[in-house]
2 protein chains.
Amino acid sequence: MDNRRGLVIVHTGEGKGKTTAALGMAIRSWGNGMRVLILQFIKGSWSYGELKAIATLNDAGGRIEIRQGGLGFTRKGNKDAEEHRRAAEELLQSALHEISGGTWDMIILDEFNYAYSFGLIRQEELEQILSARPEQTHLIFTGRNASEELIDRADLVTEMHLVKHPYQKGIKAQRGIEF
Amino acid sequence: MDNRRGLVIVHTGEGKGKTTAALGMAIRSWGNGMRVLILQFIKGSWSYGELKAIATLNDAGGRIEIRQGGLGFTRKGNKDAEEHRRAAEELLQSALHEISGGTWDMIILDEFNYAYSFGLIRQEELEQILSARPEQTHLIFTGRNASEELIDRADLVTEMHLVKHPYQKGIKAQRGIEF
């Protein structure tokens, strides 16, 4: 009998490591022979280092892909809100298609929480995503300000809490750490 | 001018993601062309999935290695304490050698905090490690119960806080997530 059961996982909080831990899970799962899709809800949140590593694993064994959708970070009420909303909508349709298709063992919806908290994704769309999930598929939602609706439905929720940051010591962002 | 500056990073807390986020950093750094060494202070804390992924990246481009030292999880005052202490000591000497050698851009001391909190590593040994670090080398210490001494000396400290766990719903550990 197969004990496999997909989990709904949330990485939230204002600390570092939300996306990085999702990347770690992707890598571990790939190493376990699983098929992993990463969907970026915020353009530019993944940088050269992880893209290169993922491409290398994909070249070696397939089964891992990253797709960029959405636009860059936005602010509530800015003039491009409609454009951001359309970009999120498009990615959401693609996410629904991939999730319900059952091709992937793990799908990471990176910065979903950000897009959701800024109103780029509606509650009924979150419900659609959760309902579309085949029982064995893991879904990982990252980003600060995870909604109560999502946390209620999740199996595993981790909050990354910032205890100390190099900015506090006046140290600039460092390659491999911040980007 | 080179702005590169190594950071002392700590992932602690009782939540998930301490080692997984360190793995993500390792992968990202590798993708950025950096040389990454992972030292496991607790035997068996890394499993097939991540070992396979790391071996694949190493086959493709070198520059990433994982070495196992230390023994399995222990309890204070158990009869093998001396044996654990010797194993930790050995790994510590190897860590000091690798850190001071300057060969690596990033060294992850996985479950160091655990070994330290159980008295397998002494405070003066922690000081030796921190003092041996070349200015451009990143050191990442993972494990719950990070010591005050380490947090004081760290640049970036993140605490992983468990908000909700699948055990609470009676769901068994899942491949790719827990191992």
Side-chain angles (χ1 to χ4, degrees), chain A residues 3-7 9-13 15-34 36 47-57 59-61 105-106 138 151 154-166 169 171-172 174-177 179, chain B residues 3-7 9-13 15-34 36 47-57 59-61 105-106 138 151 154-166 169 171-172 174-177 179:
Chain A
N3 264 328
R4 235 181 83 197
R5 164 156 174 188
L7 301 177
I9 297 171
V10 178
H11 293 172
T12 193
K16 307 283 302 172
K18 298 181 287 291
T19 288
T20 313
L23 172 63
M25 278 185 167
I27 298 301
R28 171 186 298 148
S29 298
W30 180 88
N32 277 324
M34 292 164 71
V36 182
S47 62
Y48 178 78
E50 48 264 40
L51 299 179
K52 165 81 180 164
I54 287 170
T56 303
L57 294 180
D59 284 350
D105 299 302
M106 173 179 284
H138 299 296
I151 289 174
D155 300 302
L156 174 60
V157 180
T158 305
E159 193 180 275
M160 277 62 175
H161 174 64
L162 181 67
V163 177
K164 198 173 182 184
H165 195 281
K169 291 188 175 180
I171 302 170
K172 294 214 176 82
Q174 297 296 317
R175 177 176 296 273
I177 308 299
F179 59 93
Chain B
N3 265 327
R4 234 182 82 198
R5 166 157 173 186
L7 301 177
I9 296 170
V10 178
H11 292 174
T12 193
K16 306 283 301 171
K18 299 181 287 291
T19 288
T20 313
L23 172 63
M25 280 185 165
I27 297 301
R28 170 187 297 147
S29 299
W30 180 89
N32 277 323
M34 293 164 71
V36 182
S47 62
Y48 179 78
E50 49 263 41
L51 299 178
K52 164 80 180 166
I54 287 170
T56 303
L57 294 179
D59 284 349
D105 299 301
M106 173 179 284
H138 300 296
I151 288 173
D155 300 301
L156 174 60
V157 179
T158 305
E159 194 180 274
M160 276 64 174
H161 174 63
L162 180 67
V163 177
K164 198 174 180 183
H165 196 281
K169 289 188 176 182
I171 302 171
K172 293 213 175 86
Q174 296 296 316
R175 177 176 297 272
I177 308 299
F179 58 95

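Only heavy atoms go into these numbers, but all of them, side chains included; no hydrogens, no water, no symmetry mates. We name chains A, B, ... by the order of the sequence lines, and we start the count at 1 in each one.
Neither the backbone nor the side chain of B:I54 has a heavy atom closer than 4.5 Å to any heavy atom of chain A.
Here the side chain of A:K164 pairs a donor or acceptor atom with the backbone of B:I151 at under 3.5 angstrom.
With respect to chain A, the highest number of heavy-atom pairs below 4.5 Å among B:A21, B:A22, B:G17, B:G33 belongs to B:A21. The most heavy-atom pairs under 4.5 Å with chain A, out of B:T20, B:L23, B:T19, come from B:T20. Among A:E159, A:M160, A:K52, the residue making the largest number of heavy-atom pairs under 4.5 Å with chain B is A:E159.
Pairing each heavy atom of B:L7 with each of B:D155, the nearest pair is CA-OD2, 3.4 Å.
Taking 4.5 Å as the limit, some side-chain heavy atom of B:M34 sits within range of a side-chain heavy atom of B:H138. The shortest side-chain heavy-atom distance between B:M25 and B:I9 falls under the 4.5 Å cut-off.
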